[in-house]
2 protein chains.
Amino acid sequence: MVHEVLAAVLRVRSATVQVLLWRRALEPHLGRWSLPGGRLRIDEDVETSIRRQLAEKVDVRKLSHVEQLAVFSAPDRVPGPRVVATAFLGVVPTDVDPDVPEDTAWHSVDNLPRTAFDHRDIVLRARDRLRAKLSYTTIGSALAPASFTISQLRDIYSAALGYPVSATNLQRVLSRRGVLEPTGEIAPPGRSGGRPAALYAFTCNGVHVTDAFAVLKPPTRARQRRT
Amino acid sequence: MVHEVLAAVLRVRSATVQVLLWRRALEPHLGRWSLPGGRLRIDEDVETSIRRQLAEKVDVRKLSHVEQLAVFSAPDRVPGPRVVATAFLGVVPTDVDPDVPEDTAWHSVDNLPRTAFDHRDIVLRARDRLRAKLSYTTIGSALAPASFTISQLRDIYSAALGYPVSATNLQRVLSRRGVLEPTGEIAPPGRSGGRPAALYAFTCNGVHVTDAFAVLKPPTRARQRRT
DNA sequence: GCACGTTTTCGATCCTAAGTCGAAAACTTC
DNA sequence: GAAGTTTTCGACTTAGGATCGAAAACGTGC
């Protein structure tokens, strides 16, 4: 049984969430758009494999985040011999613009072209995962550049979530969680003036779940009553 | 490449979280405890497969919940030919006690016996997933019986989370979310007296994420400012 | 029958943290 | 210097979880 790895690599650009797709040059589904990936080799685990294939095929070496999404295993998901796929969610920061080959391009996830196989399902699943994780993890740090103004960060969050976000609230929520800190630098004001914005950066390296997002927390003052 | 499906089936019993394991009768790792599961057949997807194998092997037909956990794919995770595993989290309510074969038994996840391969990692991952999901989904309905008192539910949550939970708070949190409702019936008081408890039931069928657990919510009054 | 222990239930209060608003600050261009 | 822009910050409101204690409803023992 063949096992393949696929990745929905997402980024935020021009106020939309985009996914990296490449146009199939072979049957079946010639001309349709599909996710990068390929066969799992015998000597690598799935995460190593997807990182290798992304680096080889589409020149995305500096993904800011990669995580498992789900296994897609419907027997007829691709024509011909059985192929089980492990799908990944990948994230690229807004400021990097990796060179991509001729046959690949970024597409808005809200306006996908004709996709191959079950890849549309995978893309939408990846988008939903990203949105959900913005609430309770530091995955925003994978979307944002190394340093940014609060307005820029608000635009990223707004685009990823699909609705307007308050800059004031965003700053307070992230600051309270201790994942945001000012760099001390100041960004030059825009062409139309306005107060120069302070630059911020995420304090965390990597994406992790924020503690204290959970409900039904453990008791604060350890009363050792028998429940 | 061989693909197998495995399940960490969890339940709460005697104030602990337990997992269903069976004792290997073959080499390698003869005598160690391992997760139920087996090979993926050519004509079934992974979820169909794990449900079939659980029903066949350990007589667990009425799982209250099943979900994908992760893919385990280290090249050397099992000796011999390569085997990639899709791991599942399964849940059984506290009140049912399925017949299990001779060579299987429930073990506390906090005190696991000698386990085979990477199955210990899978069990611990399943436990963590269960704990996290108690916060923001209705997975508690999969742990609990069809009807229960608040005290019983508190004991289930306390055991699953590993720390004492307030019955008052638990009831209010679940009620506010609209997933808990009184059945109208009354449970008989215990041997030592006490006010008889009202019986409750979950209003939801199946496990789903509670909306309104998210932070950075969409604006309530749709101000259409250009953000 | 009545005091006592037990368990459940419910209201009241506290507190943390998110959502909202508006004014002040700091720049631009005209 | 006046007007327009954008950022920043404090103050307030609101929501919802955490905690406490009293009242309710039962049994038991004297």
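Closest to the side chain of B:Pro189, from the set D:dG17, D:dC26, D:dT19, is D:dC26. When each of C:dT8, C:dA18, D:dG17 is scored by its nearest atom to the side-chain atoms of B:Arg177, the top-ranked nucleotide is D:dG17. Side chain of A:Thr168, nearest nucleotide from D:dA18, C:dA18, D:dC9: D:dC9.
For A:Arg176 and A:Gly194, each mapped to the nucleotide of DNA chain C holding its nearest heavy atom, the one lying further toward the 5' end belongs to A:Arg176. If A:Arg172 and A:Ala197 are placed on DNA chain D by their nearest nucleotide, the residue sitting closer to the 5' end is A:Ala197.
For a distance-only test at 3.5 Å, the side chain of B:Ser192 fails to qualify as a donor-acceptor partner of the base of D:dC26.
Between the A:Arg77 side chain and the A:Val84 main chain, no donor and acceptor come within less than 3.5 Å of each other.
When the shell of 6.0 Å around CZ of B:Arg125 is examined, it contains 12 or fewer heavy atoms from other residues, nucleotides or ligands.
Atom C1' of nucleotide D:dC9 and atom CG of A:Leu170 are separated by 15 Å, given to the nearest angstrom.
Look at B:Ser166 and you won't find any side-chain N or O under 4.0 angstrom from OP1 or OP2 of D:dA18.
Salt bridge status for A:Arg13 with A:Asp97: present, with a side-chain N to carboxylate O gap under 4.0 Å.
Taking 4.5 Å as the limit, every side-chain heavy atom of B:Thr115 sits out of range of all side-chain heavy atoms of B:Ile122.
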